[in-house]
2 protein chains.
Amino acid sequence: MKLSTKGRYGVKAMFDLALHGGDSPLPLKTIAGRQEISEPYLEQLISVLRKDGLVKSVRGAQGGYLLAHEPDQITVGSIIRSLEGSMAPADCVIEDDPADCSKADCCITRGIWEKIRISIDNVIDSITLQDMIDEYNELRKQNKNYHI
Amino acid sequence: MKLSTKGRYGVKAMFDLALHGGDSPLPLKTIAGRQEISEPYLEQLISVLRKDGLVKSVRGAQGGYLLAHEPDQITVGSIIRSLEGSMAPADCVIEDDPADCSKADCCITRGIWEKIRISIDNVIDSITLQDMIDEYNELRKQNKNYHI
DNA sequence: CCTAAATCCAACCTTAATGGTAGGTTTTCA
DNA sequence: TGAAAACCTACCATTAAGGTTGGATTTAGG
């Protein structure tokens with residue numbers, strides 16, 4: 001039940017964008033360097049985030065990426081689901097289109113997988129990039145020793 | 001974030017053992033047949049469960065497997081963790097020995113992975129095999145149409 | 001207008017895990 | 001003593017992860 005690097009890198013990159021990005025686009029090279037992620041690999045990930053409408057891109061020199069919405073409108077859940085798909089631990093409890101199973105209505109284990117999915121979704125959908133920024137600033141206030 | 005078949009088959013097999021097993025050992029062939037799991041594959045899984053003290057085995061003819069404890073003493077969490085390891089979505093938040101990360105004390109994403117792990121653990125550690133049996137019996141009472 | 005910086009895109013590649021099979025050895029009840 | 005069972009080790013095909021490579025396209029700035 002590991003999250004792959006897709007989800008983890010994606011959240012890190014989006015947080016970096018929320019923290020350091022402003023009105024002018026932030027080039028991927030900067031994000032990748034700061035977060036220590038392979039740039040061409042991150043490129044593939046952010047391409048997915050762009051297609052899902054989480055970031056906007058500006059092409060050409062001085063180009064880069066921008067958050068498509070305010071940080072308090074972007075949840076960690078939307079980032080992770082964009083890159084990893086549903087957080088369902090089994091295909092039979094994927095929210096939008098569950099794999100059909102003949103025993104679905106009387107399967108005891110199914111209820112467990114569903115509870116797990118709901119509990120994960122509750123956590124990740126309740127955290128926004130703004131929450132992460134606030135926490136970062138709080139931590140920064142307490143001990144000067146901060147990086148990302 | 002899928003659970004592999006190890007965890008899913010393991011829970012199914014243990015539930016089968018709790019439901020149909022008694023004082024005499026239940027052969028793996030019966031469980032595998034009823035749950036539609038490849039017998040030699042399930043053998044590998046139950047071997048892990050045995051080494052972790054969740055089931056006891058009886059060798060020889062008329063042998064098989066028995067739960068090592070009462071159904072209300074065996075949680076879904078203990079089964080899944082035995083077969084899949086920690087439910088931590090990232091190595092830096094594995095409960096017993098987290099992968100060390102230089103930024104651990106000031107990493108914002110780490111807090112998120114930890115919240116996810118805790119919320120999953122809360123769900124799976126709160127469900128015992130007895131709970132599953134109770135739910136099964138309840139379902140059985142309501143509609144006659146029951147299998148596993 | 002030219003160039004460098006950037007996004008965009010498609011293909012490839014290596015490694016490890018998944019989900020098994022196959023083929024035996026040992027134990028033990030009837 | 002035979003059959004049924006657990007036990008054990010090795011193998012294997014497929015897939016996904018986590019990239020790398022090599023280019024094509026766009027565009028601000030000199």
Side-chain angles (χ1 to χ4, degrees), chain A residues 1-13 17 20-21 23-68 80 83-86 89-91, chain B residues 1-13 17 20-21 23-68 80 83-86 89-91:
Chain A
M1 281 282 285
K2 287 274 161 357
L3 213 53
S4 75
T5 55
K6 289 179 193 173
R8 287 188 284 122
Y9 288 178
V11 172
K12 284 196 175 212
L17 209 43
H20 299 108
D23 296 334
S24 54
L26 197 56
L28 200 61
K29 195 175 194 169
T30 309
I31 302 175
R34 196 154 36 205
Q35 299 298 328
E36 295 171 34
I37 300 171
S38 144
E39 191 193 333
Y41 183 47
L42 184 55
E43 194 177 289
Q44 291 177 43
L45 307 186
I46 208 157
S47 158
V48 175
L49 295 173
R50 181 175 56 84
K51 280 163 191 163
D52 283 350
L54 291 168
V55 296
K56 288 178 295 188
S57 66
V58 178
R59 299 190 67 170
Q62 317 309 115
Y65 293 92
L66 296 158
L67 291 183
I80 293 181
L83 292 164
E84 306 244 1
S86 167
D91 288 340
Chain B
M1 281 283 286
K2 287 272 159 3
L3 215 51
S4 74
T5 54
K6 290 179 192 173
R8 286 186 285 124
Y9 288 179
V11 172
K12 284 196 174 209
L17 208 43
H20 301 107
D23 296 335
S24 54
L26 197 57
L28 200 61
K29 194 174 193 167
T30 310
I31 302 174
R34 196 153 37 204
Q35 299 298 329
E36 295 172 35
I37 300 171
S38 143
E39 190 192 336
Y41 184 47
L42 184 54
E43 194 178 288
Q44 293 178 39
L45 306 186
I46 208 156
S47 159
V48 175
L49 294 172
R50 181 176 56 83
K51 279 163 193 165
D52 282 349
L54 292 167
V55 297
K56 288 179 295 188
S57 65
V58 178
R59 301 190 64 168
Q62 320 307 120
Y65 293 92
L66 297 157
L67 291 183
I80 293 181
L83 292 165
E84 304 244 3
S86 166
D91 287 340

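If you're wondering where the values come from, they're calculated on a predicted model, not measured in any experiment. Worth knowing before you read on, the calculation uses all heavy atoms, side chains too, and leaves out hydrogens, waters and symmetry mates. Here is the naming used below: chain letters follow the sequence lines, and residue numbers restart at 1 for every chain.
Looking at heavy atoms from C-beta onward, Ile31(A) lies out of side-chain contact with Lys12(A) at the 4.5 angstrom threshold. Looking at Pro27(B) and Pro25(B), their side chains never come closer than 4.5 Å, going by heavy atoms from C-beta outward. Counting only heavy atoms from C-beta outward, the side chains of Glu36(A) and Tyr9(A) never approach each other to under 4.5 Å.
The OG1 atom of Thr5(A) sits 8.0 Å away from the CD atom of Glu84(A) when rounded to the nearest 0.5 Å. Taking CG from Leu17(A) and CG from Leu26(A), the interatomic distance works out to 5.5 Å, rounded to the nearest 0.5 Å. From Ile80(A), atom CD1 reaches atom NZ of Lys6(A) across 13.5 Å, with rounding to the nearest 0.5 Å. To the nearest 0.5 Å, atom CD of residue Gln35(B) and atom NE2 of residue His20(B) are 8.0 Å apart.
Mapping Arg59(A) and Glu39(A) onto DNA chain D by nearest heavy atom places Glu39(A) closer to the 5' end of the strand. A residue-by-residue look at Ala61(A) and Leu26(B) shows that Leu26(B) has its nearest nucleotide of DNA chain D further toward the 5' end. Comparing Gln62(B) and Glu84(B), the nucleotide of DNA chain C nearest to each residue sits closer to the 5' end for Glu84(B).
In this structure, NZ of Lys51(B) is placed 15 Å from P of dA6(D), rounded to the nearest angstrom. Rounded to whole angstrom, the span from the CG atom of Leu45(B) across to the P atom of dT21(C) amounts to 12 Å. Atom CG in Asp91(A) sits about 11 Å away from atom P in dG19(C), given to the nearest Å. As rounded to whole Å, 13 Å separates atom C1' of dG19(D) from atom CD1 of Ile37(A). When rounded to the nearest whole Å, the span between CG of Leu49(B) and C1' of dA6(D) equals 15 Å. Rounded to whole Å, atom P of dA17(C) lies 18 Å from atom CE of Met1(A). Rounded to an integer number of Å, the gap from NZ of Lys2(B) to P of dT18(C) is 14 Å.
As judged by a 4.0 angstrom heavy-atom cut-off over every strand, Ile46(A) is placed among residues making no nucleic acid contact. At the heavy-atom level, Pro27(B) lies under 4.0 Å from the strands shown only through sugar-phosphate atoms.
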Identify each donor-acceptor pair in which a side-chain atom of residues 42-58 of chain A lies under 3.5 Å from a protein atom, sequence neighbours left out, and give them as a table.
| from | atom 1 | to | atom 2 | distance (Å) |
| --- | --- | --- | --- | --- |
| Ser47(A) | OG | Lys51(A) | NZ | 3.4 |
| Asp52(A) | OD2 | Ser82(A) | OG | 2.6 |

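Arg8(A) and Ala90(B) get closest at one heavy-atom pair: CD-CB, 3.7 Å.
Within the 4.0 Å cut-off from OP1 or OP2 of dG19(C), not a single side-chain nitrogen or oxygen of Ser38(B) is found.
For Tyr65(A), whose side chain is taken as the heavy atoms from C-beta onward, the closest listed nucleotide among dT7(C), dT20(D), dG20(C) is dT7(C). Closest to the side chain of Ser57(B), out of dA6(C), dC7(D), dT20(D), is dC7(D). Relative to the side chain of Arg50(A), the nucleotides dT21(C), dT7(C), dC9(C) differ in distance, and dC9(C) lies closest.
Residues from residues 4-11 of chain A placing a heavy atom under 4.0 Å of any atom in DNA chain C do not occur.
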Which pairs, protein N/O on one side and nucleotides 10-15 of chain C N/O on the other, fall under 3.5 Å?
none

